[in-house]
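Below you'll find the structure, written out as structure tokens, and then a few comments.
Labels below follow one simple rule: chain letters A, B, ... track the order of the sequence lines, proteins then strands, and each chain is numbered from 1.
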There are 2 protein chains.
Amino acid sequence: MTARFTPRLAPRPMDPVMRRLRTLAPLSEDELALLRTMVERRERHAPGEELVAEGYPPRRPRFVVSGWACRQRVMPDGRRQIFGFLLPGDGLGLGERPGPPALAGIVALTAVETVDAEPVMEAVAAGRAPGLKQAIEQAARLEHALLLDHVVRLGRQTAYERVAHFLLELQHRLEIAGFGDAQRFPLPLTQEILADVLGLSIVHVNRTLQQLRRERLIELRSGVAILLQPDMLSSISDYRRPALALRKSAS
Amino acid sequence: MTARFTPRLAPRPMDPVMRRLRTLAPLSEDELALLRTMVERRERHAPGEELVAEGYPPRRPRFVVSGWACRQRVMPDGRRQIFGFLLPGDGLGLGERPGPPALAGIVALTAVETVDAEPVMEAVAAGRAPGLKQAIEQAARLEHALLLDHVVRLGRQTAYERVAHFLLELQHRLEIAGFGDAQRFPLPLTQEILADVLGLSIVHVNRTLQQLRRERLIELRSGVAILLQPDMLSSISDYRRPALALRKSAS
DNA sequence: CGGGGGTTTGACGAACGTCAATCGGGGTGG
DNA sequence: CCACCCCGATTGACGTTCGTCAAACCCCCG
């Protein structure tokens with residue numbers, strides 16, 4: 001919305017994708033060039049729009065280039081559980097090729113832009129993009145690691161620990177995608193959404209956030225989170241970066 | 001321990017594996033024969049033994065042929081979260097081939113017997129076992145579905161609902177593997193283990209089980225669970241069989 | 001006859017949810 | 001430019017679920 005006369009100053013749309021994939025595996029110049037071309041087939045999604053409906057075969061594979069989405073399931077009585085977030089740079093539907101019915105819905109939480117990832121998947125399938133192949137495998141592995149962390153949070157951590165742990169996870173992922181720094185990052189979520197990720201009520205999320213603020217561990221202002229004492233938060237919540245979990249897999 | 005003079009009456013060790021894989025994909029006679037040969041390289045694990053240590057590259061791929069194990073993580077202060085169970089017929093380490101560090105430990109809960117699954121993985125890799133390839137893909141998919149169910153249980157269900165939901169899941173999985181029937185199945189778990197799966201305290205698991213018994217929904221006696229009113233349990237816990245989640249994937 | 005692991009029970013407290021009211025800020029139509 | 005409005009954040013009061021501590025119990029085995 002500010003880039004009308006400054007296209008060069010606007011962050012290039014594929015940057016988050018490239019940044020993220022490069023942390024997962026080394027990419028060749030050709031592979032980076034391929035990623036840059038994908039900026040073409042872009043698609044816009046309004047907040048609340050369902051990118052993938054639970055129980056239906058997913059759309060073609062895509063990358064999120066801006067905005068936030070989530071994987072979720074809604075119970076018949078309206079209770080909702082969010083499994084995790086899709087941030088800029090993340091892929092969706094990259095796993096299974098033709099696509100069996102989705103196990104969870106994917107919903108845009110903010111305005112979201114995605115690009116078609118089909119060219120990448122073709123190049124990978126044709127053996128023309130070994131770096132991308134490895135990066136996508138690593139991404140799948142990382143997603144699984146995040147899901148396991150989530151289970152521990154929900155099953156064995158208090159509200160206080162859950163919030164701290166979750167904020168650290170977001171900070172880490174967003175920094176990789178090129179948003180924010182070691183302490184500060186965008187957080188465009190309502191407390192209702194936080195509640196549905198963390199398995200808490202809205203009111204209790206609110207109170208827990210207040211406690212963290214009162215103790216000068218975090219600050220929250222208009223969509224921006226600041227971790228005032230990241231290491232304190234880590235020790236409170238037993239947070240560890242998933243980086244160590246990565247390793248070369250099959251060549 | 002009873003089969004000393006009646007080897008033919010003892011259940012054949014590979015039965016659970018074959019039963020389960022056949023519900024995931026049609027298998028050829030050759031594939032079934034291959035599975036039967038694996039009965040050779042069997043391995044025994046005592047209760048408490050760590051089949052895979054968290055953070056270390058996993059052993060070679062295996063199938064569980066008898067006994068129960070679990071995937072788990074232990075926090076530094078001793079809190080434990082169990083991610084799910086490995087029942088007879090289930091595989092472990094079938095996904096990634098050389099094997100990056102395991103994201104969770106795998107521990108035997110009872111005496112466990114496993115067989116080496118390497119021959120199967122070789123046949124699959126060589127393109128000689130399309131049915132097994134598909135079955136193993138489906139197994140991975142099913143494991144993911146179970147993990148998502150688990151997240152919903154922990155994040156959005158009450159203790160009462162969690163226990164009901166979990167018992168139904170076990171009944172279903174065990175019946176597929178050839179144990180128990182539509183109402184009755186072996187349950188060789190202490191309440192401490194149940195607590196660590198369900199994200200509850202031992203005491204509260206106990207009270208919840210009592211409530212279910214008092215209401216004549218279940219019975220528990222010496223390692224056997226009986227679901228007296230399975231459909232009541234389903235409606236209480238919003239349980240749905242994951243069967244529908246399955247579909248043909250890439251050919 | 002003891003022991004030991006697992007189960008059950010009671011009493012109590014802390015964590016978390018629910019209900020309902022209020023507050024606050026940004027957007028929008030006049 | 002301003003008043004209004006609406007969604008989300010905040011707060012208080014209260015109830016429930018669930019955890020903790022500690023003791024008793026039970027059963028199988030040695």
task: Could you identify which residues of residues 148-162 of chain B place a heavy atom less than 4.0 Å from some atom of DNA chain D, listed by residue number, or say none?
output: B:Thr158, B:Ala159
message: So, applying salt bridge (Lys or Arg N to Asp or Glu O under 4.0 Å) with A:Asp116, which one of A:Arg42, A:Arg59, A:Arg60 is it?
response: A:Arg60
For DNA chain D, the residues among residues 186-207 of chain B that have a non-hydrogen atom under 4.0 Å from it: B:Gly199, B:Leu200, B:Ser201, B:Val203, B:His204, B:Arg207
message: Please check this pair: side chain of B:Arg156 against backbone of A:Arg80, looking for a donor-acceptor N/O pair closer than 3.5 Å.
response: yes
message: A quick test of your reading: do over 12 heavy atoms of other residues, nucleotides or ligands sit less than 6.0 Å from CZ of B:Arg184?
response: no
- request: Check whether any side-chain N or O of A:Gln81 sits under 3.5 Å from a backbone N or O of A:Asp196 as a donor-acceptor pair, and report yes or no.
  value: yes
field: Difference in axis direction between the ends of the helix from C:dC1-D:dG30 to C:dG30-D:dC1, five pairs, 10°
entry: 30°
task: Would you kindly give the CZ-to-P distance between A:Arg221 and D:dA9, to the nearest whole Å?
output: 16 Å
- request: Please indicate whether B:Arg44 has more than 12 foreign heavy atoms, meaning atoms of other residues, nucleotides or ligands, lying under 6.0 Å from its CZ.
  value: no
message: Quick one: does any side-chain atom of B:His172 pair with a main-chain N or O of B:Arg240 as donor and acceptor, under 3.5 Å?
response: no
task: Please report the shortest heavy-atom distance between B:Trp68 and B:Thr110, naming the atom on each side.
output: N-OG1, 2.9 Å
message: At less than 4.0 Å, is any side-chain N or O atom of A:Gln210 found next to OP1 or OP2 of D:dT11? Yes or no.
response: yes
- prompt: What is the minimum heavy-atom distance between A:Ile218 and A:Leu209, and which atoms define it?
  reply: CD1-CD2, 4.0 Å
- prompt: Just by modelled atom types, is the B:Gln157 backbone N or O under 3.5 Å from a matching donor or acceptor in the B:Arg162 side chain?
  reply: yes
- prompt: So, is B:Arg213 near the phosphate of C:dT8, with a side-chain N or O under 4.0 Å from OP1 or OP2?
  reply: yes
task: State plainly whether the residues B:Asp149 and A:Arg73 are in salt-bridge range, i.e. N to O under 4.0 Å.
output: yes
query: Rounded to the Å, how far apart are A:Arg214 CZ and D:dT11 C1'?
result: 12 Å
